[in-house]
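All values reported here derive from a predicted model rather than from experimental measurement. This chain uses plain numbering: 1 for the first residue, then up along the sequence.
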Amino acid sequence: FAQHSGVGSEVAAENRPVDLEVSNLDANIVSDGNKGENGRAAKFWKKLERIPTAVVVFLLGIVLAFIRKPSIWKELSVGPSTPHLVRISREDWKKGFLKGAIPQIPLSILNSVIAVCKLSSDLFPDKHVSPTIVSTSVGLMNLVG
């Protein structure tokens, strides 16, 4: 009988638990068996893994914005801003549609149709749902409201 050691581990062929959460860097540090500098690095990476990726990407974007345009410090202000109407020209609409809306279509189809079909087949393997049926359903829902 194989033993299961808990969350994040699986049983190897020799019935020894294997930790699947160890990254390549951590695996090198753990396999060396060294403490000291390598132990501190392993602890650092363990703490870093707890930070959500979206937060890291957001903070990286802020840092890169300040690197790209250091004068942004002077433009920052805290508090609400006064809303104002922006007049959009015909050329701006065209540019926005071609560079923003058209490229968004494949991503929207992927998220709303293909991912739903895959999830449906994973959750209900006995029932087959075609992308045509799902896309028709999503299209009708968009038209209705």
Side-chain angles (χ1 to χ4, degrees), residues 1-35 37-70 72 75-81 83-145:
F1 291 92
Q3 295 178 352
H4 185 66
S5 65
V7 176
S9 63
E10 293 294 326
V11 179
E14 303 94 27
N15 291 333
R16 287 187 344 227
V18 178
D19 189 4
L20 295 178
E21 293 181 7
V22 177
S23 67
N24 290 337
L25 179 63
D26 288 341
N28 292 337
I29 292 169
V30 171
S31 67
D32 290 344
N34 294 336
K35 298 288 182 189
E37 191 65 34
N38 287 340
R40 279 187 241 128
K43 287 180 184 178
F44 170 76
W45 287 110
K46 284 282 188 190
K47 288 180 183 179
L48 195 62
E49 286 176 348
R50 293 182 183 162
I51 300 172
T53 307
V55 172
V56 174
V57 171
F58 176 74
L59 293 175
L60 180 64
I62 290 174
V63 169
L64 291 175
F66 283 113
I67 290 171
R68 186 172 180 196
K69 187 177 178 187
I72 201 168
E75 299 172 17
L76 288 179
S77 64
V78 178
S81 60
H84 60 280
L85 265 158
V86 177
R87 193 168 172 99
I88 301 173
S89 69
R90 181 181 209 106
E91 187 61 33
D92 288 338
W93 271 105
K94 180 180 173 185
K95 192 182 297 183
F97 184 75
L98 292 175
K99 290 186 175 184
I102 299 289
Q104 185 66 31
I105 291 172
L107 182 62
S108 297
I109 291 172
L110 177 68
N111 284 333
S112 65
V113 176
I114 298 171
V116 169
C117 290
K118 176 64 175 140
L119 179 64
S120 174
S121 68
D122 287 348
L123 295 176
F124 308 105
D126 298 340
K127 298 185 179 195
H128 174 71
V129 179
S130 73
T132 305
I133 293 171
V134 173
S135 62
T136 303
S137 175
V138 169
L140 289 173
M141 285 189 285
N142 285 335
L143 288 175
V144 172

Going from [atom1] on [X] to [atom2] on [Y], what distance comes out if it is rounded to the nearest 0.5 angstrom?
{"X": "Leu59", "Y": "Leu64", "atom1": "CG", "atom2": "CG", "value": "11.0 Å"}
{"X": "Phe124", "Y": "Leu119", "atom1": "CZ", "atom2": "CG", "value": "8.0 Å"}
{"X": "Thr53", "Y": "Leu60", "atom1": "OG1", "atom2": "CG", "value": "12.0 Å"}
{"X": "Ser121", "Y": "Asp126", "atom1": "OG", "atom2": "CG", "value": "11.5 Å"}
{"X": "Asp122", "Y": "Cys117", "atom1": "CG", "atom2": "SG", "value": "11.0 Å"}
{"X": "Lys43", "Y": "Leu48", "atom1": "NZ", "atom2": "CG", "value": "16.0 Å"}

Query - Val134 to Val113 - nearest heavy-atom pair and separation - result: CG1-CA, 3.9 Å

Query raised in the report: Which atom pair, heavy atoms only, marks the closest approach of Val138 to Ser112?
Result: CG2-O, 3.9 Å

Report task. Report yes or no: does Thr136 contribute a side-chain atom to a donor-acceptor pair with the main-chain N or O of Thr132 at less than 3.5 Å? Result -> yes

Report task. Answer whether the closest heavy-atom distance between the side chains of Leu98 and Lys94 falls below 4.5 Å. Result -> yes

Report task. Compare all side-chain heavy atoms of Lys99 with those of Pro103 and state whether any distance is below 4.5 angstrom. Result -> no

Requested in this report: Inspect the surroundings of CZ in Phe58 and state if more than 12 heavy atoms from other residues, nucleotides or ligands are less than 6.0 Å away.
Outcome: no

